[in-house]
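Remember, predicted model here, so these are calculated numbers, not experimental data. Remember, it's 1-based here, ligands and their atoms both numbered in the order they're listed. When reading the values below, keep in mind they use all heavy atoms of this one structure, side chains included, and skip hydrogens, waters and symmetry mates.
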Amino acid sequence: MQVADHPVADTGAEPAGRVPAWAGALAGVVSLGAGLAASDLIAAVRHGAASPIVEVGNRVVDLVPVGLREWAIATFGTSDKVVLLTGVVVVLVAVAAVAGVWMVRGRRGPALVLLALVLVVGVVAPLGRAGAGWVSALATLLGGAIGLATLWLLADRAQALAVPAGPAVPAGPAVMAGPAAPAGPTVTAGPAVTAEPAATVEPAGAGHPEVEPMPGPRPKGAATRRGFLGLTAGVGVAAVAAGGLATWLRSRAAVTTERLGIRLPKAVDPLPPVSPGVSVGVPGVSPFITPIDDFYRIDTAFVPPRVSIDGWSLRVRGRVRRELALTYEELLARPMVEVDATIACVSNFVGGDLVGTARWLGCRLDDLLAEAGIDPSADQVVGRSVDDFTAGFPTAVLDGRDAIVAVGMNGEPLPTDHGYPARLIVPGLYGYVSATKWLSEIELTRFDETQGYWIPRGWNVQAPIITESRIDTPAKGATVPAGRPLAIGGVAWSPIRGIAGVEVQLDDGPWEAAELGESHAGTTWRQWKHVVTPAAGGHTIRVRATDTEGSTQTGDTAQPGPGPATGWHTIRVTAS
Ligand SMILES: Nc1nc2c(c(=O)[nH]1)N[C@H]1C(S)=C(S)[C@@H](COP(=O)(O)O)O[C@H]1N2
Ligand SMILES: [Mo]
C-alpha cells in the first residue's frame with residue numbers, strides 16, 4: 001500500500017494511493033446484497049425456507065428478555081417485526097460498509113474477521129429452530145461465501161480508483177482526468193464516462209507518473225474505473241433479480257402449502273362411486289376418471305398463476321341486479337355438488353388427448369347467478385381469470401345442466417395447474433368458451449359488447465362439444481398377432497347428450513357395433529371395445545360414435561379451427 005506523502009491539493013480529495021471510502025462502502029453493501037440474495041434464493045428453492053435475515057430476527061425474538069419484547073410490542077405494535085428486521089438490515093449494512101472500506105484499503109484481515117463473526121451469527125441463528133433450520137444455515141453459509149467472494153473481487157477492482165501517489169498533477173494531460181484538470185475530483189464524478197476521451201487519446205511517453213506499471217497503451221484508468229462501477233452495478237442487478245426470484249418462489253411454495261391444508265366440504269348429495277361396469281376391461285383404454293397427473297393442461301399462461309385464497313374473491317358483476325363478492329370460505333359454504341364431466345379442448349386433433357374426465361366439486365352456477373339476479377338484457381356469461389383470460393358462453397346454456405364454480409377435482413382441491421382456487425366447469429362446452437381457470441370474476445354481459453379471449457383470434461363464438469371417439473389400443477402403427485382375437489378399445493364422448501353407440505370398421509369391411517361400457521352420465525365419456533381377428537398383413541381400423549340423439553360422427557375431415565376437428569379416428573396396424 002502506498003503512503004500518501006504527497007496529498008493532492010484539492011480539498012475533499014483522498015490522500016494519494018487510497019481508494020475513496022465511498023467505493024469501499026459501495027463494494028461492501030453491494031456484496032452484502034449479493035450474499036443475502038444468494039442465500040435467500042438457496043433457502044427459497046429448498047421448500048421455501050425462511051431467509052437468513054428472518055431467521056436472525058426470529059432468533060433475536062427468542063433471545064431478548066420478555067420485558068424488552070413486551071416493550072417492543074407495546075411501542076411498535078404490529079410493526080414490531082418490521083422494526084426488528086429493519087434493525088437487522090441496518091446493522092448488516094453498517095458492518096458491510098465498514099468491512100468494504102477496510103477491504104479496499106488493504107486491511108483485509110480485520111475485514112474478514114468482522115464478516116466471519118457476522119456470518120457465524122447468521123449460520124447459528126436458525127440452527128435448532130423448528131422447520132428447515134439447517135437449510136437456512138447452509139443457505140447463509142453459501143450466500144456468505146458468495147458475498148465474500150464478491151467483496152474480494154470488487155475490492156480488487158476498486159484499486160483502480162486509488163488516487164495516484166506522487167506529485168499532484170494540477171494541469172496537462174493527466175492520466176485519469178477528463179476535461180477537468182485536477183486528478184482528484186474525477187474519482188467522485190460518477191460513471192467514468194467523461195474520463196474516457198482523455199484516456200483513450202493518452203499520449204505515450206508524456207512523462208507523467210504511471211498509475212500502475214503495466215506495459216502497453218491500454219486505456220487503463222477509465223476502463224478499470226468503469227470496470228469497478230460496471231461490475232458493481234452488475235452485481236447489484238443480479239442480486240435484485242435473485243431476490244425477486246426468491247420472493248416469487250416463496251409465494252409459489254406458500255400457495256402449495258396453503259392448498260395442501262384445505263379441507264373441502266362434502267357434497268350435499270355425494271355421487272356414488274363410479275361403477276366398475278363403466279370399464280370394458282381392456283388394458284390400454286383410458287381410465288374412466290383421468291388421474292390429475294395425466295389430465296391435459298391447456299392455457300395461455302406461460303407459468304400457471306399461483307393464486308392464494310388469502311385476499312382472493314370471486315366477483316359476480318355486470319348485468320345483474322346486485323353484484324356479489326365471495327371469499328373462498330363463502331364459496332365453500334354454499335351447497336356443494338359433485339359433477340362427473342368430460343371436458344375437452346377445441347384444438348384437439350381427431351385421436352388426440354386434449355380431453356379428460358374428472359369428478360368436479362363446486363357450487364351451482366345457476367344458483368349463484370340467480371342470487372345476483374341476471375338482467376334480461378344479458379345474453380352472455382363471461383368468466384375472467386386473475387391473469388385476464390376470458391371465456392364466454394350464452395346464458396341460455398344454463399338450462400339446468402350441472403354448470404359449477406368448481407373448487408375440487410377428483411377429491412382434491414383444484415390443482416394449481418387446473419385453476420386453484422376456483423374455475424368454471426360447464427358440461428358440454430369446449431374449454432375456451434367456458435372453463436375459466438384461476439377465476440376472479442363472472443360478468444353478465446352481451447355478445448355484442450364483450451368477446452372471450454379466443455373469439456377475436458378466429459375461433460367460433462358458439463362451441464358445444466361435438467361427438468367424438470378415439471382408439472386407445474392398439475397404438476397406431478403397432479404390430480399385433482395375426483389370426484388371433486385382438487381387443488380394440490377406446491373412449492367416445494358427446495357431452496351432455498351422451499353416447500348411444502360406437503362402431504368399428506376393419507379395412508373397408510362393414511361397420512360393426514362395439515361393446516360399450518356402462519353409461520355413467522351424459523356428461524361423461526364411455527369406454528368401448530371391439531374384438532377382431534386380423535389376418536396377416538396391414539390393416540386399417542376406424543371408429544365412429546353416435547350420440548343419444550341419433551347423430552353419428554361425420555366422416556368429413558377438418559382440422560381444428562375455427563371449430564373442432566372432425567373425421568373418424570383411423571389407425572394402421574400390422575398383423576404378423
Ligand atoms: N385462465 C384460463 N383458463 C382457461 C384457459 C386459459 O388459457 N386461461 N384455457 C381454457 C381452455 S382452451 C381449455 S381447453 C381448458 C383446459 O382446462 P385444463 O387445463 O384444466 O385441462 O381451460 C380453459 N380455461
Ligand atoms: Mo382449449
Side-chain angles (χ1 to χ4, degrees), residues 255 259 286-287 289-308 312-315 339-350 352-362 365 380-393 397 403-443 450-466 468 470 491 493 495 523-525 559-565:
V255 171
R259 180 182 165 273
S286 307
I289 296 289
T290 313
I292 284 172
D293 287 345
D294 298 340
F295 210 97
Y296 81 96
R297 178 195 149 205
I298 292 287
D299 50 63
T300 57
F302 182 59
V303 179
R306 262 35 182 190
V307 185
S308 170
W312 177 90
S313 71
L314 172 61
R315 289 184 64 198
V339 180
D340 290 340
T342 298
I343 68 167
C345 184
V346 70
S347 49
N348 197 25
F349 285 90
V350 170
D353 58 6
L354 303 182
V355 55
T357 302
R359 176 162 288 187
W360 309 95
L361 177 81
L365 183 58
Q380 184 181 215
V381 181
V382 171
R384 181 169 287 109
S385 69
V386 297
D387 62 345
D388 255 332
F389 171 85
T390 50
F393 55 89
V397 160
I404 59 171
V405 178
V407 292
M409 180 180 188
N410 293 353
E412 291 184 21
L414 271 187
T416 39
D417 280 0
H418 297 289
Y420 177 82
R423 74 177 304 174
L424 288 176
I425 289 293
V426 183
L429 298 187
Y430 284 110
Y432 81 101
V433 294
S434 67
T436 307
K437 305 190 276 189
W438 314 295
L439 188 65
S440 63
E441 188 174 291
I442 299 169
E443 184 187 6
T450 313
Q451 293 186 314
Y453 180 88
W454 285 110
I455 309 309
R457 291 165 174 83
W459 293 82
N460 291 341
V461 175
Q462 304 291 340
I465 298 180
I466 64 168
E468 303 254 10
R470 180 177 78 195
V491 284
W493 61 94
T523 51
T524 55
W525 60 17
Q559 298 306 300

Novice: Specify the protein heavy atom at minimum distance from atom 24 (N) of ligand 1: its residue, its atom name, and the distance to 0.1 Å.
Specialist: Ala435 O, 3.0 Å
Novice: So which protein heavy atom does atom 21 (O) of ligand 1 come closest to, and at what separation?
Specialist: Tyr296 O, 2.7 Å
Novice: Judging by distance only, is a nitrogen or oxygen of Phe295 under 3.5 angstrom from one on ligand 1?
Specialist: no
Novice: What atoms of ligand 1 come closer than 4.0 angstrom to any heavy atom of Thr436?
Specialist: 3 (N), 24 (N)
Novice: Examine the side chains of Arg423 and Ser385 and answer whether a donor and an acceptor come within less than 3.5 Å of each other.
Specialist: no
Novice: Is Glu443 salt-bridged to Arg315, going by a charged N under 4.0 Å from an acidic O?
Specialist: no
Novice: With atoms numbered from 1 as shown, which atoms in ligand 1 lie under 4.0 angstrom from a non-hydrogen atom of Tyr432?
Specialist: 11 (C), 12 (S)
Novice: For atom 19 (O) of ligand 1, what's the nearest protein heavy-atom neighbour? Residue, atom name and distance, please.
Specialist: Lys437 NZ, 2.5 Å
Novice: Taking Leu414's backbone N and O only, do any of them form a donor-acceptor pair with Arg259's side chain (distance below 3.5 Å, no angle check)?
Specialist: yes
Novice: Verify the distance criterion only: is there a donor paired with an acceptor across the side chains of Thr357 and Trp525 at less than 3.5 Å?
Specialist: yes
Novice: Determine whether Thr523 and Thr342 make a side-chain contact, defined as any pair of heavy atoms from C-beta on separated by less than 4.5 Å.
Specialist: no
Novice: Among all the protein's non-hydrogen atoms, which is closest to atom 2 (C) of ligand 1, and how far away is it?
Specialist: Phe389 CD2, 3.2 Å
Novice: Using the ring of each side chain (for Trp, its six-membered ring), is Phe389 parallel, tilted or perpendicular to Tyr453, with breaks at 30° and 60°?
Specialist: tilted
Novice: Can you tell which part of Trp438 has a heavy atom less than 4.0 Å from ligand 1: side chain, backbone, both or neither?
Specialist: side chain
Novice: May I ask you to check if ligand 1 and Asp417 share an N or O to N or O distance below 3.5 Å?
Specialist: no
Novice: Going by the order shown, which atoms of ligand 1 are within less than 4.0 Å of some heavy atom of Thr300?
Specialist: 6 (C), 7 (O)
Novice: Please say whether Arg423 places an N or O atom under 3.5 Å from an N or O atom belonging to ligand 1.
Specialist: yes
Novice: Give the atoms of ligand 1, by number and element, whose distance to some non-hydrogen atom of Ser385 is under 4.0 Å.
Specialist: 1 (N)
Novice: Should Phe295 and Met409 count as side-chain neighbours, where that means a heavy-atom distance under 4.5 Å?
Specialist: yes
Novice: Kindly confirm or rule out an N or O of His418 lying under 3.5 angstrom from an N or O of ligand 1.
Specialist: yes
Novice: Any carboxylate oxygen within less than 4.0 angstrom of a Lys/Arg side-chain nitrogen, looking at Lys437 and Asp387?
Specialist: no
Novice: Can you report which non-hydrogen protein atom sits closest to atom 16 (C) of ligand 1, along with the distance?
Specialist: Ile298 O, 3.5 Å
Novice: On a heavy-atom basis, I'd like to know which of Cys345, Ala406, Ala391, Gly431 is closest to atom 11 (C) of ligand 1.
Specialist: Gly431
Novice: State which residues pass salt bridge (Lys or Arg N to Asp or Glu O under 4.0 Å) with Arg297; sequence neighbours excluded, sorted by chain then number.
Specialist: Asp299
Novice: Just distances here: any N/O of Arg297 and N/O of ligand 1 closer than 3.5 Å?
Specialist: no
Novice: With the side chain counted from C-beta on, respond yes when Asn410 and Pro291 share a heavy-atom pair under 4.5 Å apart, and no when they do not.
Specialist: no
Novice: Is the shortest N/O to N/O distance between Ala344 and ligand 1 below 3.5 Å?
Specialist: no
